[in-house]
Amino acid sequence: MNINITDPIFHDEAKALAHLEADRWDGEPTCPHCGSVRVRRMGGKTQAGMFLCNDCRDKFTVRTGTVMERSHVPLHKWLLATHIMAASKKGMSAKQMERMLGVTYKTAWFLCHRIREAMDGATGNAPLGGGNKVVEADETFVGGKARNRAYRAPVAKKAVVALVEREGHVRSFHVANVTAKTMRPLVVTNVTRDTYLLTDKASHYRRFGKEFAAHGSTDHGERQFVGRENLEDHTNTVENFFSIFKRGVIGTYHHMSEAHLARYTSEFDFRYNTRQISDKDRADVALRGIVGKRLTYRRTNALAA
Ligand SMILES: [Zn+2]
């Protein structure tokens with residue numbers, strides 16, 4: 001099922017509230033402070049969505065303990081923004097979100113980053129690969145335009161490494177520089193050792209490729225495996241992921257600051273990992289990621305920097 005943006009949950013605050021409460025608690029509102037279900041809904045219009053816990057006597061709403069907690073953005077706009085971001089293949093700029101939601105640019109920008117935070121890890125953190133599975137690893141560089149190079153100092157490009165299990169999930173990372181030393185910890189903690197690792201022929205992969213069941217490279221002279229002739233030696237899967245990522249960088253975000261690059265990789269990983277489900281189901285996965293995550297003030301400051 002696709003997203004129907006005329007759905008009242010995107011326009012009516014009471015319906016949005018009911019939707020989020022059902023999503024989070026499935027009919028049994030639970031105190032996020034102490035876990036008690038002995039709670040009661042408070043009356044009065046100014047207290048819409050407010051519960052009082054009979055055990056710890058604290059108050060809470062569906063926002064408490066989520067990335068929405070300190071936000072003043074109405075819930076129906078949160079829902080609309082989450083659905084739009086989940087459904088937009090190349091992402092959605094804060095500028096466009098500002099226009100679509102009727103909020104300030106700053107609000108839209110922060111909203112988008114909080115939704116990325118919700119998407120981070122929402123599709124699971126289990127290592128990629130396994131026996132008879134192939135994981136492709138590769139890196140790409142974003143930022144910096146060659147055509148300006150003659151007139152300006154060259155802009156430092158930012159490296160992004162992606163690990164993609166064929167027919168499976170992707171996990172991508174920003175790294176300060178691409179060396180065996182920076183790459184090895186990422187690869188060995190995110191890919192199981194019984195995996196067939198496929199990379200290009202870069203020497204940094206050769207250093208630790210032997211720690212895996214087998215390591216192939218797109219340069220056939222470097223093949224280090226036997227009995228796997230049925231597997232195709234290519235890194236098309238990871239290259240396809242990068243092409244979507246780069247269309248997002250160029251077409252939507254233009255410039256990703258280094259400080260926030262990890263959030264953008266989370267966003268693109270999330271959409272790739274949910275590519276086989278509908279836009280609506282994908283948005284529901286993102287909404288579940290909202291619960292239990294929250295940007296603290298410290299991280300908020302880091303974000304704003
Ligand atoms: Zn409580």
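In this text the structure is predicted, and so the values were computed from the model without any measurement. As the structure lists them, so they are numbered: ligands from 1, and atoms in each ligand from 1.
There is a path of hydrophobic side-chain contacts, each under 4.5 Å, that joins Leu111 to Met119.
Here the side chains of Glu239 and Glu136 are not in contact, with every heavy-atom distance at 4.5 Å or above. Taking the side chain as every heavy atom from C-beta outward, His83 and Asp279 never approach each other to under 4.5 Å.
Taking the ring centre of Phe110 as origin, the terminal cationic atom of Arg114 falls inside the region bounded by 6.0 Å and 45° from the ring axis.
Within the sub-2.8 Å shell of the Zn ion (ligand 1), the protein contributes these N/O/S atoms: Cys31 SG, Cys34 SG, Cys53 SG, Cys56 SG.
Remark: aromatic rings of His169 and Phe270 are distant, center separation not under 6.0 Å.
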For residues 175-186, run the donor-acceptor check on the side chains, cut-off 3.5 Å, and write out each pair with its distance to 0.1 Å, sequence neighbours left out.
residue, atom, partner, partner atom, Å
Thr179, OG1, Lys181, N, 3.3
Thr179, OG1, Thr182, N, 3.2
Thr179, OG1, Thr182, OG1, 3.3
Thr182, OG1, Asn177, O, 2.7
Thr182, OG1, Thr179, N, 3.1
Thr182, OG1, Thr179, O, 3.1
Arg184, NE, Glu211, OE1, 3.4
Arg184, NE, Glu211, OE2, 2.7
Arg184, NH2, Glu211, OE1, 2.9

